[in-house]
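Worksheet for the structure shown next.
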2 protein chains.
Amino acid sequence: MEKLKILVVDDESRMRKLVKDFLVRNNYDVIEAENGEQALDIFFETKGIALVILDIMMPRVDGWQVCREIRQYSDVPIIMLTAKGDEKDELLGFELGVDEYISKPFSPKILVARVEAVLRRTAGIDEEVIEIGGISLDKAAHQLKIDDVPIDLSYKEFELLTYFVVNNGVALSREKILNNVWNYDYFGDARTIDTHVKKLRSKMGEKGKYIKTIWGLGYKFEVD
Amino acid sequence: MEKLKILVVDDESRMRKLVKDFLVRNNYDVIEAENGEQALDIFFETKGIALVILDIMMPRVDGWQVCREIRQYSDVPIIMLTAKGDEKDELLGFELGVDEYISKPFSPKILVARVEAVLRRTAGIDEEVIEIGGISLDKAAHQLKIDDVPIDLSYKEFELLTYFVVNNGVALSREKILNNVWNYDYFGDARTIDTHVKKLRSKMGEKGKYIKTIWGLGYKFEVD
DNA sequence: AATATCTATGACGAATTTGTGAATTACACT
DNA sequence: AGTGTAATTCACAAATTCGTCATAGATATT
């Protein structure tokens with residue numbers, strides 16, 4: 001998965017650096033803006049910003065103003081940096097559609113925890129679909145689509161294919177497959193995997209060849 | 001629209017009364033519990049609780065424990081009442097899936113604002129009429145129409161069909177269906193779902209096929 | 001090239017799951 | 001209590017899946 005982009009807006013460079021450091025260390029991609037105008041410019045010119053962290057207190061165009069403008073066009077989650085315990089701020093913020101608050105001063109852990117909570121709440125909802133090489137696996141619907149054509153799989157077939165796709169490019173021994181797709185208490189014939197692979201390949205048509213046989217070992221899913 | 005039910009859990013009756021008053025004044029229906037066990041009993045016996053407000057500090061079964069137990073079966077939004085500025089609490093809470101915090105002491109406005117923010121975030125699907133593929137479900141009137149022809153359903157049938165439609169395209173296990181359409185304390189035969197599905201399908205005529213069987217898993221509502 | 005080992009495939013049947021009609025129970029309203 | 005409706009359970013039929021096996025084919029090793 002790609003890194004998520006977070007736009008950090010604060011007029012104090014010291015504060016920006018602080019926030020950025022924590023986030024970068026947690027594998028986010030951070031873009032900085034040092035005032036409101038710049039923030040809006042960057043936001044509307046940059047695609048795929050997953051979250052905006054806004055300081056309220058900024059000269060000329062303050063955090064509220066930035067928030068309002070963004071909200072006219074976007075539902076991107078917004079976290080506000082606020083002075084400790086200012087209730088009026090929080091109330092205004094909820095009306096403007098702010099997702100979360102962080103009071104200064106804050107600890108790195110709180111920062112990261114709230115960022116992740118917000119992202120989980122917003123983006124996390126439908127991360128249930130895996131797509132690769134024209135193959136789409138919708139875990140929620142338990143549905144395979146190949147080039148947007150729905151293809152019915154049995155329960156086991158779906159589980160097996162999901163396991164293959166999640167481990168894209170990794171060679172999997174039969175034992176490993178049994179332990180992960182079957183219950184641990186299954187002690188039957190490992191050859192049953194072959195049979196399921198056969199069915200998968202035939203149901204998947206042209207794309208069936210993505211399930212590769214590794215002689216003497218097992219199988220590997222790989223898109224050319 | 002009906003009043004939303006909020007479960008308030010706190011061992012101090014003074015605090016419960018305080019919270020209740022604010023919420024009642026804002027047109028919520030408040031249920032009280034004075035300890036963790038009672039909270040869990042009430043929660044799992046009462047249908048349609050839209051939000052739980054939990055005090056962390058309670059004797060015997062504390063707020064965390066209650067939160068954990070609820071989260072095993074339900075995604076109901078949870079707000080925690082916490083002592084001011086306790087970071088460790090917040091961090092633990094995010095892991096447990098807490099939606100929001102309110103530090104004591106708090107003002108009525110903050111309380112109501114956060115409650116509404118959380119409900120707005122989660123309760124999103126609250127339309128009166130759901131329409132999809134020629135099927136129209138009027139929640140208020142408890143009436144199904146198929147191609148504008150009214151069709152009478154029993155209470156359970158309507159609830160079940162609503163649950164299917166709201167989760168359009170999502171595979172639902174029998175267990176999940178039981179937990180959401182039946183009360184949490186129903187421990188009867190899951191096959192009763194089959195019977196209701198049968199009746200639904202037959203009453204829905206041609207559109208009955210939208211309720212699909214997922215062999216070895218459960219059911220899925222999906223319009224082709 | 002011969003041999004041994006591993007994999008692919010089609011067919012079959014046991015086991016499991018689901019569909020369905022009928023019987024039973026629960027429950028509200030007279 | 002009696003009636004009628006809805007909800008649940010039950011029993012059996014129908015459908016589907018899963019694993020095994022036998023055989024054919026493929027790959028590596030000598």
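So that the names make sense, note that chain A is the first sequence line, chain B the second, and so on, each numbered from 1. Just so it is clear, the structure is predicted and the values come from calculations on it, not from any experiment.
More than 12 heavy-atom neighbours from other residues, nucleotides or ligands sit within 6.0 angstrom of CD on E37(B). K199(B) NZ: 12 or fewer foreign heavy atoms inside a 6.0 Å radius.
Using a 4.0 Å heavy-atom cutoff across all strands shown, L153(B) reaches no nucleic acid atom at all. Across all strands, Y219(A) comes closer than 4.0 Å only to sugar-phosphate atoms, never to a base (heavy-atom distances). When heavy atoms are screened at a 4.0 angstrom cut-off, L217(A) is found touching the sugar-phosphate backbone but no base atom.
In terms of position along DNA chain D, the nucleotide closest to S154(B) lies nearer the 5' end than the nucleotide closest to the other residue of the pair S154(B) and W215(B).
Taking 4.0 angstrom as the limit, W182(A) places none of its side-chain polar atoms (N or O) nearer than this to OP1 or OP2 of dC18(D).
Side-chain contact check for T192(B) and R174(B): no donor-acceptor pair (N or O, by modelled atom type) lies under 3.5 Å.
We find that CG of L200(A) is positioned 12 Å from P of dA8(C), with the value rounded to whole Å. Atom NZ in K156(B) sits about 12 Å away from atom P in dA28(C), given to the nearest Å. When the P atom of dG19(C) is taken as reference, atom CD1 of I214(B) falls 11 Å away, rounded to whole Å. Rounded to a whole Å, the CD1 atom of I177(A) is 16 Å from the C1' atom of dC18(D). In this structure, the CD atom of E159(A) is 14 Å from the C1' atom of dC18(D), given to the nearest Å. In this structure, CD of E157(A) is placed 6 Å from P of dC18(D), rounded to the nearest angstrom. K199(A) places its NZ atom 11 Å from the P atom of dG19(D), with the value rounded to the nearest Å. Counting to the nearest Å, the C1' atom of dG19(C) and the NZ atom of K212(B) are 18 Å from each other.
Distance CG/L161(B) to NZ/K203(B): 11.0 Å, rounded to 0.5 Å. Rounded to the nearest 0.5 angstrom, L160(A) CG and Y219(A) OH are separated by 9.0 Å.
For D152(B) and K145(B), the salt-bridge test fails: no basic side-chain N is under 4.0 Å from an acidic carboxylate O. Under the 4.0 Å criterion applied to side-chain N and carboxylate O atoms, R71(B) and D99(B) are assigned as salt-bridge partners. With salt bridges taken as basic N to acidic carboxylate O contacts below 4.0 Å, none links D55(B) and R16(B). Under the 4.0 Å criterion applied to side-chain N and carboxylate O atoms, K198(B) and D194(B) are not assigned as salt-bridge partners.
Screening F164(A), W182(A), F158(A), Y163(A) for a ring-ring contact (aromatic ring centres under 6.0 Å, His included) with H196(A), the sole residue that qualifies is W182(A). Between L172(B) and the choices L217(B), N167(B), I193(B), the side-chain contact (heavy atoms from CB on, under 4.5 Å) rule is met once, by N167(B).
Residues of residues 164-176 of chain A that place a heavy atom closer than 4.0 Å to DNA chain C, in numerical order, are R174(A). For the contact set between residues 189-198 of chain B and DNA chain C, defined by any heavy atom under 4.0 Å, the members are R191(B), D194(B), K198(B).
Taking the six-membered ring for Trp and thresholds of 30 and 60 degrees, Y155(B) and H142(B) have nearly parallel ring planes, at less than 30 degrees apart.
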Review item, nucleotides 1-3 of chain C N/O atoms under 3.5 Å of protein N/O:
none

